[in-house]
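Along the sequence shown, residues are numbered consecutively beginning with 1. Both backbone and side-chain heavy atoms feed into the values below; hydrogens, waters and symmetry mates do not.
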Amino acid sequence: MKPTWNILYRGSLSSCNYACDYCPFAKTSNTREELQADAEEVSRFVDWVEQTSDRRIGVLFTPWGEALIRPAYREALTRLSRLPHVYRVAIQTNLSGPLAWVGEADREKLGLWSTFHPTQVERGRFLARCRELDARGARYSVGVVGLREHFQDIEVLRRELPPHVYLWINANKREPNYYSDADLRRLRAVDPYFDLNRQVYVSLGGPCRAGHTSFTVSGDGTVRRCHFIEAPIGHLYRGDIAERLEPSPCSNTTCRCHIGYVHRPELELYELFGDGVLDRIPARWPQAEARWVAS
């Protein structure tokens, strides 16, 4: 079997049609020229993936804004999904953009990491978008930030989503001891894997797939181990990046985010998620894996 690379791509897009106060992303707007430059970067990246057929590749787009309202990203997802050596292509999205393009993609490979923002969209409208995804045969997960003011929305969302859709909860880690025991019981009833996200993992010197079989790419082609380590390790379009990838210990003190710690081998989350590791869909959902569930 070909060696696998999981690639997280984040271009220069920095604008969003939402304005969540808890979100660090999308606090700027893009000019028409900037959007055009971003589209060209995305196309160049897709060209590179197309030509790199000696690897089994998964791609997760992690934009600093909402990308699916932009045609370049919809076209990129469609095109990547059709490549035989791409096993998964996924994107983080608020589901506010057009969805008809999903029918043109390979829906066995496409995955949508979808987030519901209660302050920005009415729950019924968001659920209607999910029903449209179901009608189009799309793979998707749904998530919500676990703030107390969202608890009721989270529980209703779980009841109204189809059972096959995994609803994950991102923990609020800004405030120590934010959750009471009663809070934890409520949230675990919705997301049995909530405690995996609630941790701040000690990572300094620990093993990670980042920089070896997983890496990030910025719009200009700079390659880094992960989104949380600034030091570059190479350039995608200059030379052979494969020669720069090797196992190495983490240089950060802690790891707090799913797209970082999911690549830590001791957590065995590749076993939990399988080929859904990029679109955050557990391999055996809705059956919960007991060894990852808090007792």
Practice problem: Ignoring hydrogens and angles, tell me if any N or O in the side chain of S180 forms a donor-acceptor pair with the backbone of D183 under 3.5 Å. | Solution: yes
Self-check item: Interatomic distance, I7 atom CD1 to L80 atom CG [nearest 0.5 angstrom]
Solution: 9.5 Å
Quiz item: In terms of hydrophobic clusters joined by side-chain contacts under 4.5 Å, are L278 and I281 together?
Solution: no
Quiz item: Is any side-chain heavy atom of R256 closer than 4.5 Å to a side-chain heavy atom of F228?
Solution: no
Quiz item: Any chance CD of Q152 has more than 12 other-residue heavy atoms, nucleotides or ligands included, within less than 6.0 Å?
Solution: no
Quiz item: Hey, is E289 close enough to R291 for a salt bridge, meaning N to O under 4.0 Å?
Solution: no
Quiz prompt | Between OH on residue Y140 and OG1 on residue T93, distance to nearest 0.5 Å | solution = 13.0 Å
Quiz item: What about F194 and Y179, are their ring centers closer than 6.0 Å?
Solution: yes
Practice problem: Indicate yes or no: at least one non-hydrogen side-chain atom of V102 is less than 4.5 angstrom from one of L110. | Solution: yes
Exercise. Apply the test side chain to side chain contact (heavy atoms under 4.5 Å, CB included) to residues L127 and L157: give CA-CA distance (whole Å), side-chain angles for both, the deciding distance (0.1 Å), then the verdict.
Key: CA-CA 8 Å; L127 284 164; L157 194 64; 3.6 Å; yes
Quiz item: Which of these passes side-chain hydrogen bond (donor to acceptor under 3.5 Å, both in side chains) with D279: Q92, K109, R88?
Solution: R88
Practice problem: Using side chain to side chain donor-acceptor pair (under 3.5 Å) as the criterion, list what pairs up with R224, not counting sequence neighbours. | Solution: none
Quiz item: Would you say the side-chain atoms of S43 pair up with the backbone N or O of A39, donor to acceptor, closer than 3.5 Å?
Solution: no
Quiz prompt | Hydrophobic cluster identity match, W101 and I91, side-chain contacts under 4.5 Å | solution = yes
Quiz prompt | Contact check, side chains of L167 and D191, non-hydrogen atoms, under 4.5 Å | solution = no
Practice problem: Sort and list the pairs that fulfil side chain to side chain donor-acceptor pair (under 3.5 Å) and have at least one residue in residues 229-241, not counting sequence neighbours. | Solution: none
Quiz item: With a 3.5 Å cut-off and no angle check, do the side chains of E66 and S96 form a donor-acceptor pair?
Solution: no
Self-check item: pair T222-I233: side-chain heavy atoms closer than 4.5 Å
Solution: no
Exercise. Applying side chain to side chain contact (heavy atoms under 4.5 Å, CB included), name anything that partners N170, two or more places apart in sequence or on another chain.
Key: W168, N197, R280
Quiz item: Which residues satisfy the side chain to side chain contact (heavy atoms under 4.5 Å, CB included) test with N30, sequence neighbours excluded?
Solution: L13, S14, S15, E34, L35
Quiz item: Distance from L236 atom CG to S218 atom OG, nearest 0.5 Å?
Solution: 9.0 Å
Exercise. Could you walk me through whether D275 and R56 pass salt bridge (Lys or Arg N to Asp or Glu O under 4.0 Å), step by step?
Key: CA-CA 12 Å; D275 281 353; R56 177 177 178 263; 3.1 Å; yes
Practice problem: Just do the side chain to side chain contact (heavy atoms under 4.5 Å, CB included) check on V190 and F151 with the steps written out, would you? | Solution: CA-CA 10 Å; V190 171; F151 281 9; over 6 Å; no
Practice problem: Describe, in one word, how the ring planes of F126 and F116 are oriented to each other, choosing from parallel (under 30°), tilted (30 to 60°) and perpendicular (over 60°). | Solution: tilted
Quiz item: Do side-chain atoms of N172 reach the backbone of V145 as a donor and acceptor pair under 3.5 angstrom?
Solution: no
Quiz item: Should the pair R10 and W64 be classed as cation-pi, given the thresholds of under 6.0 Å to the six-membered ring centre and 45° from the axis?
Solution: yes
Self-check item: Evaluation steps, side chain to side chain contact (heavy atoms under 4.5 Å, CB included), between T119 and H150
Solution: CA-CA 9 Å; T119 64; H150 296 169; 4.2 Å; yes
Quiz item: Between the side chain of E268 and the main-chain N/O of E271, is any donor-acceptor distance below 3.5 Å?
Solution: no
Self-check item: For R158, all residues meeting salt bridge (charged side-chain N to carboxylate O under 4.0 Å, His left out), sequence neighbours excluded
Solution: none
Quiz item: Hey, does F215 have a side-chain heavy atom less than 4.5 Å from the side chain of L245?
Solution: yes
Practice problem: Can you sort out the partners of R185 under salt bridge (charged side-chain N to carboxylate O under 4.0 Å, His left out), two or more places apart, ordered by chain and number? | Solution: none
Exercise. With rounding to the nearest 0.5 Å, note down the distance linking CG in D153 to CG in L147.
Key: 11.0 Å
Self-check item: Verdict with supporting geometry, V223 and T216, side chain to side chain contact (heavy atoms under 4.5 Å, CB included)
Solution: CA-CA 6 Å; V223 175; T216 72; 6.0 Å; no
Exercise. Indicate yes or no: does E75 engage R79 in a salt bridge with an N to O separation below 4.0 Å.
Key: no
Quiz item: When you measure from the side chain of K2 to the backbone N and O of S53, does any donor-acceptor pair fall under 3.5 Å?
Solution: yes
Self-check item: Minimum-distance pair of heavy atoms, taken over all atoms of V42 and A76
Solution: CG1-CB, 3.5 Å
Practice problem: Check whether any side-chain heavy atom of V59 sits under 4.5 Å from a side-chain heavy atom of W5, and report yes or no. | Solution: no
Exercise. Could you list the residues that satisfy side chain to side chain contact (heavy atoms under 4.5 Å, CB included) with A290, not counting sequence neighbours?
Key: none
Quiz item: With side chains defined as the heavy atoms from C-beta onward, is the minimum distance between P207 and E266 less than 4.5 Å?
Solution: yes
Self-check item: Inter-residue atom distance N94.CG - L112.CG, 0.5 Å rounding
Solution: 11.5 Å
Quiz prompt | W292 side chain to L267 backbone, donor-acceptor under 3.5 Å | solution = yes
Exercise. Apply side chain to side chain contact (heavy atoms under 4.5 Å, CB included) to P192 and list each qualifying residue two or more places apart in sequence or on a separate chain.
Key: W285, A288, V293
Quiz item: If Ile, Leu, Val, Met, Phe, Trp and Tyr residues are connected whenever their side-chain heavy atoms lie under 4.5 Å apart, and connections chain through other members, are V121 and L133 in the same group?
Solution: yes
Quiz item: Do H227 and L8 touch side chain to side chain, with heavy atoms closer than 4.5 Å?
Solution: yes
Exercise. Output the distance between atom NE2 (H263) and atom NE2 (H212), rounded to the nearest 0.5 Å.
Key: 13.5 Å
Quiz prompt | Atom CZ of R244: over 12 foreign heavy atoms under 6.0 Å | solution = no
Exercise. Tell me, please, which residues at least two apart from Y261 pass ring-ring contact (aromatic ring centres under 6.0 Å, His included).
Key: Y201, H258
Practice problem: Keeping to residues at least two apart or across chains, list the ring pair (Phe, Tyr, Trp, His ring centres under 6.0 Å) pairs with something in residues 71-93. | Solution: F61-Y73
Quiz prompt | Full working for salt bridge (Lys or Arg N to Asp or Glu O under 4.0 Å) between R136 and E132 | solution = CA-CA 6 Å; R136 296 184 184 279; E132 184 173 351; 3.2 Å; yes
Quiz item: Applying salt bridge (charged side-chain N to carboxylate O under 4.0 Å, His left out), which residue pairs with at least one partner in residues 196-212 are found, sequence neighbours left out?
Solution: D195-R198
Quiz item: Which residue pairs pass the salt bridge (charged side-chain N to carboxylate O under 4.0 Å, His left out) test with at least one member in residues 90-108, sequence neighbours excluded?
Solution: none
Exercise. State yes or no: do I229 and V217 share one hydrophobic cluster built from I, L, V, M, F, W and Y residues joined by side-chain heavy-atom distances below 4.5 Å, directly or via other members?
Key: no
